[in-house]
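I have placed the structure first, in the form of structure tokens, so that the comments after it can refer back to it.
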Number of protein chains: 4
Amino acid sequence: MVTPAPDPIQAQLIAARRTQILDAAAKVFAEKGFHPTTIKDIAKEAGIADGTIYHYFENKGALLLGIFDHMRAAVTREVNFTTLDPDDLRGFLHAFISQPLQALHADRSELFRIILAEIMVNRDLRERYYQQMLEPTLALAEPIFARWVAQRRIKPLDMRLTLRAISGIIFGLILESIMGDTTLEARWDELPDFLTDLILNGLGSDQP
Amino acid sequence: MVTPAPDPIQAQLIAARRTQILDAAAKVFAEKGFHPTTIKDIAKEAGIADGTIYHYFENKGALLLGIFDHMRAAVTREVNFTTLDPDDLRGFLHAFISQPLQALHADRSELFRIILAEIMVNRDLRERYYQQMLEPTLALAEPIFARWVAQRRIKPLDMRLTLRAISGIIFGLILESIMGDTTLEARWDELPDFLTDLILNGLGSDQP
Amino acid sequence: MVTPAPDPIQAQLIAARRTQILDAAAKVFAEKGFHPTTIKDIAKEAGIADGTIYHYFENKGALLLGIFDHMRAAVTREVNFTTLDPDDLRGFLHAFISQPLQALHADRSELFRIILAEIMVNRDLRERYYQQMLEPTLALAEPIFARWVAQRRIKPLDMRLTLRAISGIIFGLILESIMGDTTLEARWDELPDFLTDLILNGLGSDQP
Amino acid sequence: MVTPAPDPIQAQLIAARRTQILDAAAKVFAEKGFHPTTIKDIAKEAGIADGTIYHYFENKGALLLGIFDHMRAAVTREVNFTTLDPDDLRGFLHAFISQPLQALHADRSELFRIILAEIMVNRDLRERYYQQMLEPTLALAEPIFARWVAQRRIKPLDMRLTLRAISGIIFGLILESIMGDTTLEARWDELPDFLTDLILNGLGSDQP
DNA sequence: CATGAATGAGCCTTCATTCAT
DNA sequence: CATGAATGAAGGCTCATTCAT
């Protein structure tokens, strides 16, 4: 296991090698799943020897954590609400829905599926996911929604349940897509607009 | 592997033994997860020998399928929209939300978590889940929602996306609860009412 | 790992299999040493599969412990001072010297060499050896020697050091023989008489 | 592997580096044992890189040989019968017993334990030990003892067995001490006097 | 049908050793 | 000469599955 070297060039090399290994692991995991994948598979994919992996990662589980962190960093980079205008209610909501929907779709979805499976099963990973992704997102959005309530721009609903419902939709749709729903697959790009309307206006007819 | 005997008493015994094994497996899986559980664990829990399990199930994977089918049957029994009055828009929606929320919660949630993990990873199981649970539910609700549209009681939105969004909420909230969200855990019973309102009326303020 | 069955026939079979494995292990250990020997080597020698060994022994180390216990039982059977006449000073001393010298020589010496090496290195085994072999022997002999002192048949020396010295001779000679000393090898059978005289009368000339 | 340089300064440096490595190895071996110690452990202890060790030693086994030689040199330095007065029978015997007892005790005993374990298992080391330590000592003492016999100061016993018995006592007591005998541990310093008397005068009472 | 001992393929991991820089 | 990243062989151990009793 390589400890971060003070030497910046060394650090660069180490980071590069770690990324190389993680990329290989991510690829093979996405194809075969976590458990069916052997260290040899990953090493072969990365073009290195089995043992080399253990210079950079404690064990197989650490690879998954590494991938998780990489993905989290990437998603966090892509999903960034701080640049949004909180006064633009519709725009904010649209972005709030659209960004995760895009981030966890497409080429990332296979890997996310595998990670999600392990999240379901691995307590560490589960807590990590909750504390580092779900909870921060909810915490970030809460004051913004609260302001809208104060401004009477949205109904004075319970914010915590509301936020969980909205993020739940996103989550649930990603899951349904993972399950193989072809309708969602085909019309993924319509979802942000559609959901924004649905959430804002509801399903019910205006006429009583 | 037991081939279905014509003898009804035999069949009874076989079914009982299968259930005994499946219950044991479900218990141990829920505690330890699928992969960490060994056949010996299950046999011990069921009070039988390892080999006996193979008289009733092809292999370890078949146990999970069996559990899945059992759970599906139970959920299907509990979640039954056919007895609902389709003219009671609010009541139907409430039940549509409430029933799965109850069915997959509580003492079943640990096992569901484990099965979900395998669903994510096992194509067979995934397709089975989609074809036998998700898709039928959507198919069942679609004409009912369509009728409401025709009656102008709900907005003429795209039904397929609408249904996926609504079931997505349910799915997503179960997931967030599995992730360990204590808010949802504590206020699980408020969800049906809350969600029914939210879905019907939306988040937006009435005042433009 | 097989737990002792209440069924006496089962117990017989289990004991037989354990012995079979232990004998195979002893043979290969004696030839190649403990560490260089693989589980596969032992399994092959025993004519069984690798995994079978783990039905009967926790791990490789348990094999060594098992061999150690077997050898201890055998040596204890052979080295038995309780049948000796404690009034026969010379006879007792002769037997006290002779028995271990015979027991740990010949076909047993190769295995003893290997076990001794692990004793040197493995704290558990070391304590086991001390508590189960060395100490009991010393404790057994002490009252007998004390009686001789009381009877003024031997000098009133410190009994504990005396006993350790005598057993030390035995131990040391076995070691020197293990080291490959050909003189000892060739004249092993002279040792009991020779040592009995030496210990009783000492080296010094009678004439001052 | 460094070939001896003709340059004396080079040779000095090489010797120093070898000693540095050997000291580090000795320390770690004494703490963890030979097999459990990795080259990395030793390199870390010595404050150098893994690879550097291989410039000075063929392989891991050579480190043990090197330590063995170092220890042998040190012991040989400390245990030196040539300066003793061979006419002082008691004094010589006392020193003959005392010196090894001191040399292989105290801070050296842990390392000796480890080396002894490898001696038991490694034929090369075993022969080296016998030929370079045990046999020379015996050979050295033999003429001296023979002279005493000629002078009728000791009994005309078989010298070869006598010497082996005496060195066996020393050897055996060191072993018993290694085994964890607390009596010996506590009274180690009494041994030389005690043993000298015992060996010279024997255990038997003077009165017939 | 029930049993559970036996099987053996296969995986993670370690670590002595090498060698390009 | 020093470095330490890379290598890859090897081994202990697990466990799903089989099958003789």
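Naming: A, B, ... by sequence-line order, numbering from 1 per chain.
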Exercise. Think C/K60 forms a cation-pi with C/Y54, using NZ or CZ under 6.0 Å from the six-ring centre and within 45 degrees of its axis?
Worked result: no
Exercise. How many Å lie between CD1 on D/I9 and P on F/dC1, as a whole number?
Worked result: 14 Å
For this session: Could you check how far CG of D/L13 sits from P of F/dC1, rounded to whole Å?
Result: 10 Å
Problem set entry | A/D69/A/R72 salt bridge by N-O under 4.0 Å criterion | yes
Exercise. Rounded to whole angstrom units, what separation is found between the CD1 atom of D/I53 and the C1' atom of F/dA2?
Worked result: 12 Å
Exercise. Counting side-chain heavy atoms from CB outward, which of F/dG4, E/dA6, F/dC13 is closest to C/Y56?
Worked result: E/dA6
For this session: Please figure out whether D/F34 or A/H35 has its closest DNA chain E nucleotide nearer the 5' end.
Result: A/H35
Seminar exercise, completed: DNA chain F nearest-nucleotide lookup for B/G61 and D/R17: closer to the 5′ end is D/R17
Exercise. Is any side-chain heavy atom of B/F68 less than 4.5 Å from a side-chain heavy atom of B/Q132?
Worked result: yes
For nucleotides 18-21 of chain F, print each protein N/O atom paired with a nucleotide N/O atom at under 3.5 Å, atom names and distance only.
none

For this session: Hey, which sits more toward the 5' end of DNA chain F by its nearest nucleotide, C/N59 or D/I48?
Result: D/I48
For this session: Mind calculating the distance between CD (B/Q10) and C1' (E/dC1) to the nearest angstrom?
Result: 9 Å
Exercise. In whole Å, what is the span from the NZ atom of B/K60 to the P atom of F/dT14?
Worked result: 15 Å
Seminar exercise, completed: Per the under-4.0 Å heavy-atom filter, residues of residues 37-47 of chain B near DNA chain F come out as B/T37, B/T38, B/I39
Problem set entry | Who pairs with E/dC12 - Watson-Crick or G-U, where each distance is under 3.5 Å | F/dG11
Problem set entry | Flag if over 12 foreign heavy atoms under 6.0 Å of CD, B/Q12 | no
